[in-house]
Each structure stands twice: as C-alpha cells, then as structure tokens.
Amino acid sequence: MTSMTPLKDIADRIAVITFDCYGTLMDWNAGIRGELTHVLESCDAGGRVDPAEAVAEYHRLEPVIQSAAYRPYRQVLDAALAQLADHFGLEFRSEQRGALSAALPSWPPFADTNPALLRLKVAHRLGVLSNIDRDLFAQTARHLAVDFDFVVTAEDVRAYKPGHAHFLRALAQVKDDRGCLLHVAQSLYLDGVPCRQLGIPWVWINRLGEENRLAADPIAEFPDLMQFTDALLGA
C-alpha cells in the first residue's frame with residue numbers, strides 16, 4: 001500500500017471526520033445478504049441460488065444503476081432487485097419487490113461503530129457522506145449513538161459516489177475551519193478513488209480484508225473503527 005501523508009502527521013489538524021455509512025458504520029453486507037436470502041427462500045429459489053452469488057451480483061448491478069440518471073436510492077434498490085430476479089430467472093411477488101428498501105432501516109451498526117463514534121465526537125465534528133435517501137438515513141440514525149454535525153446524502157446532491165458531489169459539499173463545511181477534513185470509509189471504489197482524485201486524506205476501514213488494486217491510496221488502513229480511533233486519539 002502506497003501512503004499519502006501519514007495519519008500521525010495530520011492528527012492534530014483534523015477538525016472534521018466524515019464517514020461512509022453503509023459498509024463502514026452499518027453492516028450493509030450482513031443486512032443485504034440476510035434480506036436476499038429471505039427473498040430467495042420465499043420464492044422457492046433458496047436451493048437454486050446461492051445467497052453469496054446473489055450478493056456478488058447485487059454488488060455488480062447497483063453501481064451500474066447509480067451511474068445512470070439520478071433516481072432516489074429506494075428506486076435503485078428496487079431496480080437492482082428486479083434485475084437480480086431477471087439474472088437468475090426468478091419471479092418475485094409484488095410484496096417482495098420493495099424488500100430491500102423496506103428492510104434497510106433495520107440493518108444494524110457494526111459492534112465497534114457506536115463506541116468509536118462516541119470517542120471521536122468529543123474532539124471532532126462528525127459528518128456522513130452516503131449514497132442514500134434522507135428518510136432512509138433518518139431511520140438508520142436511530143441505531144447510532146451520536147448526532148452528526150452534518151449529513152450529505154445522494155438525495156441532497158442528486159448524484160451518487162464515486163462522483164465528487166458529496167465530497168465537495170463536505171469540503172464546503174470545513175472551508176472556514178483551521179483544520180482539515182478526514183474521510184473514513186470501507187469502499188475503495190466509492191470513497192477511496194474520489195478522495196484520491198480530490199486530494200482528500202482518507203482512512204481505509206478494510207473490514208473485508210481486501211487487497212487494494214485501485215488508485216485509491218489511503219493515509220492509513222485499519223480492520224475496524226476502534227483500531228482507527230485508538231490510532232487517531234493516541235497520535
């Protein structure tokens with residue numbers, strides 16, 4: 001991994017920390033895998049379609065849909081599920097077609113999320129940059145232990161990461177600050193690449209143990225938020 005300025009060199013200048021939400025704060029993979037498993041079982045495809053294969057296909061479909069003209073994230077979820085059904089030759093009942101958007105607000109945070117946020121909130125302004133609708137995030141926020149200083153959603157900027165709109169809106173939040181912005185995320189593609197393009201320092205929370213094969217060099221890499229928090233506050 002090729003690093004930019006090390007975390008310890010900017011730790012005392014960080015005024016604002018922004019987070020990706022789903023996959024970084026919230027256990028998105030577990031949530032979507034559980035709901036897809038339920039949908040597959042309810043349409044009698046449980047024995048024919050491997051849930052892991054369905055999740056992998058969903059990961060492929062969603063960014064393609066998001067790269068087209070903007071539509072609310074609820075519609076992205078529904079469209080991805082419909083295309084998933086077509087891919088596997090499945091027939092979903094009408095009540096199953098909105099299953100992902102209905103289930104998303106119940107998906108839990110990772111065990112380390114709230115303890116880390118509570119510690120970070122003491123000395124930093126915190127924000128969220130997320131490919132989500134405002135109302136869906138409001139329901140997710142009930143699972144989180146802090147009130148964020150600001151939230152930038154896809155609905156706000158009418159665009160999805162890895163576009164730059166979320167990050168430019170966040171930079172506007174700190175332009176009058178003496179400190180700098182640090183972004184924290186799990187996704188190399190959605191968050192790391194645009195941060196690198198914009199010169200925003202970012203930390204990779206590599207929850208999945210992935211190899212970095214993109215031009216998305218983080219200033220530091222940690223397996224979870226608690227280890228990141230220990231490193232930042234101890235720097």
Side-chain angles (χ1 to χ4, degrees), residues 1-26 28 63 66 109-110 112-114 116-132 137 140-141 144 146-157 159-208 210 212 214-233 235:
M1 178 181 69
T2 302
S3 294
M4 300 163 65
T5 305
L7 179 62
K8 65 182 178 61
D9 289 351
I10 65 167
D12 61 350
R13 295 191 290 113
I14 296 168
V16 178
I17 304 173
T18 55
F19 298 88
D20 166 62
C21 186
Y22 303 93
T24 304
L25 302 179
M26 313 303 291
W28 191 93
Q66 289 175 335
F110 290 100
D112 59 290
T113 293
N114 281 323
L117 291 176
L118 286 167
R119 291 176 62 195
L120 293 168
K121 180 70 171 172
V122 173
H124 300 85
R125 295 175 62 211
L126 304 182
V128 167
L129 311 181
S130 181
N131 283 348
I132 196 69
F137 179 76
T140 288
L144 299 172
V146 302
D147 292 326
F148 290 92
D149 294 281
F150 64 93
V151 175
V152 182
T153 69
E155 182 179 5
D156 295 325
V157 296
Y160 288 98
K161 299 181 294 181
H164 292 177
H166 287 77
F167 302 96
L168 295 175
R169 182 75 64 92
L171 287 171
Q173 289 279 339
V174 296
K175 65 180 180 181
D176 296 325
D177 242 313
R178 289 187 175 183
C180 69
L181 170 71
L182 177 70
H183 188 58
V184 179
Q186 179 271 323
S187 176
L188 292 164
Y189 171 68
L190 294 177
D191 295 88
V193 170
C195 280
R196 182 66 169 176
Q197 291 168 343
L198 291 168
I200 296 172
W202 81 287
V203 168
W204 185 20
I205 306 302
N206 188 7
R207 294 190 181 277
L208 304 178
E210 297 174 289
N212 186 354
L214 298 177
D217 297 327
I219 65 170
E221 174 185 335
F222 300 96
D224 56 50
L225 284 174
M226 193 55 72
Q227 291 192 47
F228 156 66
T229 301
D230 287 342
L232 178 65
L233 299 184

All salt bridge (charged side-chain N to carboxylate O under 4.0 Å, His left out) counterparts of D149, not counting sequence neighbours: K121

Excluding sequence neighbours, so at least two apart, what forms salt bridge (charged side-chain N to carboxylate O under 4.0 Å, His left out) with R169? none

Sorted by chain and number, sequence neighbours left out, side chain to side chain donor-acceptor pair (under 3.5 Å) with H183 holds for T18, D191

Could you list the residues that satisfy side chain to side chain contact (heavy atoms under 4.5 Å, CB included) with E210, not counting sequence neighbours? Q186, W204, N206, L208

Run the side chain to side chain contact (heavy atoms under 4.5 Å, CB included) test against P109 and tell me which residues pass, sequence neighbours left out. M26, T113, N114, H143, L144

With sequence neighbours excluded, residues passing side chain to side chain donor-acceptor pair (under 3.5 Å) with D156: R134, T153

Taken in chain and number order and not counting sequence neighbours, the residues that satisfy side chain to side chain donor-acceptor pair (under 3.5 Å) with N131 are none

Are L188 and W202 close enough that some pair of their side-chain heavy atoms sits under 4.5 Å apart? yes

Partner set under ring pair (Phe, Tyr, Trp, His ring centres under 6.0 Å) for Y160, not counting sequence neighbours: Y70

Of all the heavy-atom pairs spanning A216 and V193, show the shortest one and how long it is. CB-N, 3.6 Å

Hey, is the main chain of V157 close enough, under 3.5 Å, to the side chain of H166 for a donor-acceptor pair? no

Going by heavy atoms in the side chains, are L232 and H124 under 4.5 Å from each other? yes

By side chain to side chain contact (heavy atoms under 4.5 Å, CB included), which residues pair with A123, not counting sequence neighbours? none

For P218 and N212, work out which heavy atoms get closest and say how close. CD-ND2, 3.7 Å

Side chain to side chain donor-acceptor pair (under 3.5 Å) partners for T140, two or more places apart: Y22

Could you tell me which residues satisfy side chain to side chain contact (heavy atoms under 4.5 Å, CB included) with D224, sequence neighbours excluded, listed by chain and number? D112, R207, M226, Q227

